[in-house]
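Below, chain A is the first sequence line, B the second, and so on; all start at residue 1. Because only heavy atoms are used, hydrogens play no part in the values below, and waters and symmetry mates are left out as well, while side chains stay in.
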There are 2 protein chains.
Amino acid sequence: MRLRICTWNVNSVRLRVEQVARFVREQAPDVLCLQEIKCREGEFPVNAFAEMGLPHVRIAGQKGWHGVAIASRLPIEDAPRLDVCREGHARCVGGTVAGVEVHNFYIPAGGDTPDREPNPKFDHKLDFYEKLTAELAKRNPKAPLAVVGDLNVAPGEHDVWNHRYMSKVVSHTPAEVEAFGKLVASLGFIDLPRAQTPEPEKVFSWWSYRAADFRASNRGLRLDHILVTPGLKEAAFRLGSAASRVHDDVRAWERPSDHAPVTADLVL
Amino acid sequence: MRLRICTWNVNSVRLRVEQVARFVREQAPDVLCLQEIKCREGEFPVNAFAEMGLPHVRIAGQKGWHGVAIASRLPIEDAPRLDVCREGHARCVGGTVAGVEVHNFYIPAGGDTPDREPNPKFDHKLDFYEKLTAELAKRNPKAPLAVVGDLNVAPGEHDVWNHRYMSKVVSHTPAEVEAFGKLVASLGFIDLPRAQTPEPEKVFSWWSYRAADFRASNRGLRLDHILVTPGLKEAAFRLGSAASRVHDDVRAWERPSDHAPVTADLVL
DNA sequence: GTGACTGTAG
DNA sequence: CTACAGTCAC
């Protein structure tokens, strides 16, 4: 059985239901993890998702900002909470689908200044990474578990359009890359989109709205991730190589999110 | 030669270009008078209007609020200015098309309280009517002249959904109805949409956004007008009766303005 | 309800 | 550039 997991920062789910429906029609994800839904639980368009074939939904919402959700073709069972946000934001939702524990995160962007002291947002971001890494380290690497979402870090030098320039910009600074590395090391996570497309090929999942033509300048970052435990390695590579990709065509649709969806297939 | 004059409060011309293009395709107005364009002159989508077949444009705009424009199939010559707004708002634009002087107004709505003393907006509205009436009285009734626009008064008891109720509400109070009457009397104006559809039949051109189904409740007002001088009487009635109507189907389109377009045909 | 303003955030 | 909040006007 194929389980297609998708992560997508939709940047307002209510403003983007049409695009989500089209993506679901074209790519048929089984588990769709959304970030920046920007609404309360009760404002989430559950009916539209049911019509898309994703009737099972877990939502962590709040007014106006942040907010994450998992919409699934199959029933969603409980999963241990991994909520490590010290500000109490709606940045994490988890569930178990077909025996796979899925944790969906919207990690803080971190503001402009890459320095914990003067910038509490950057401090919050690194604190989030530290707490999450500590929580994950308690878990069993052989258990089937996925950490997905907008992790707001581009970890590798080929995950950014310009490594030297971006090393001074929040999302790719050494402190963040290190924090991301420790998270990956906690359970020996496998980075599926990167396994599919090895370096030095560039892979991006986000392009700023500010560029007139995002394909022309292609100043992208890989901020959206699907990480799985060694317990899912076989399932992820059963077809020989990993089956994972960024759907960058979606970024070119009408009124797009600034993030593209990222998918990975597991064969269970 | 037929000259189809249209008045339409579009409630943001930039947000409504698609609807305007569709209306122009379907109804082919020769002179399109817009109110509440809500943009500066330089922000008006002149290219889109040229593509609609309305390449000649006169615009009086300002940032964010009010703003009026005339877009025409035929060239627009100058017309004497009739700008009587004491607040300096962009509420009037005039021009001469095919020998007909057209003056396009967005008269102030007038606030909530129908009393000049405590409500300066209501005072401004009546002041606008008084100054405009005085200016028009200087002109020759036999000259071909049209006063069109969102005049923000429903003059007749069959121009409102409930005469008794609306008599206490700004847009249909005795003071406004009287001001409108004096304007009409200044040059003996002919009210073309009303000439086409005599009382007691109700005619509305505006329905609040607040009603869920504007057709069901039908709490409309006739705020948008096409008034012509006796000098255009023959041209207006050359086909036997006046050819004028409210395009209320447009109010039911997707993302509509709260006003419907009103047209009148002259045969010159 | 809808749109445009300012301000904040990404 | 885009989307939220809160404010104002219609």
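- For B/Lys63 and C/dG3, the shortest distance from a side-chain N or O to OP1 or OP2 is not below 4.0 Å.
- Within the 4.0 Å cut-off from OP1 or OP2 of C/dG3, at least one side-chain nitrogen or oxygen of B/Arg16 is found.
- Contacts of B/Arg14 with the nucleic acid, taken as non-hydrogen atoms under 4.0 Å apart, are absent.
- Between the CH2 atom of B/Trp206 and the P atom of C/dG3 there is a distance of 15 Å, given to the nearest Å.
- A straight line from CD of A/Glu87 to P of C/dA9 spans 13 Å, rounded to a whole angstrom.
- In terms of phosphate contacts, A/Lys121 brings a side-chain nitrogen or oxygen within less than 4.0 Å of OP1 or OP2 of C/dG10.
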Discussion item. For a ring pair (Phe, Tyr, Trp, His ring centres under 6.0 Å) check, start with the C-alpha distance between A/His259 and A/His247, then their side-chain angles and the critical distance, and finish with the verdict.
Written reply: CA-CA 10 Å; A/His259 294 254; A/His247 299 263; over 10 Å; no

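- One interatomic measurement links the two molecules: CH2 of B/Trp65 to P of C/dT2, which rounds to 16 Å at whole-angstrom precision.
- Remark: A/Asp112 CG is loosely packed, at most 12 non-hydrogen atoms of other residues, nucleotides or ligands lying under 6.0 Å away.
- Separating the CZ atom of B/Arg251 from the C1' atom of C/dT2 is a distance of 10 Å, rounded to the nearest angstrom.
- Both tests hold for A/Arg22 against A/Trp253: distance to the six-membered ring centre under 6.0 Å, angle to the ring axis within 45°.
- Checked by distance alone, A/Arg210 brings a side-chain donor or acceptor within 3.5 Å of a matching partner on the base of C/dG10.
- Rounded to whole Å, the distance from OH on B/Tyr209 to P on C/dA4 is 10 Å.
- Along DNA chain D, the stretch of nucleotides lying under 4.0 Å from any heavy atom of chain B spans, 5' to 3', D/dA9 to D/dC10.
- With sequence neighbours excluded, the residues that form a side chain to side chain contact (heavy atoms under 4.5 Å, CB included) with B/Phe214 are B/Trp207, B/Arg251, B/Ala252.
- One atom, CD of A/Glu176, and another, P of C/dG10, lie 13 Å apart when rounded to the nearest Å.
- When the P atom of C/dA9 is taken as reference, atom CG of A/Asn9 falls 17 Å away, rounded to whole Å.
- Checked for salt-bridge contact, B/Asp123 and B/Arg86 meet the test: a charged N lies under 4.0 Å from a carboxylate O.
- Taking side-chain N and O atoms only, B/Ser257 has no distance below 4.0 Å to OP1 or OP2 of C/dT2.
- Aromatic ring centroids of A/His172 and A/Tyr165 lie 6.0 Å or more apart.
- Although no hydrogens or angles enter the test, the distance criterion places a donor-acceptor pair under 3.5 Å between the side chain of A/Arg194 and the main chain of A/Thr197.
- Nucleotide C/dG10 holds its C1' atom 17 Å from the CD1 atom of A/Ile37, rounded to whole Å.
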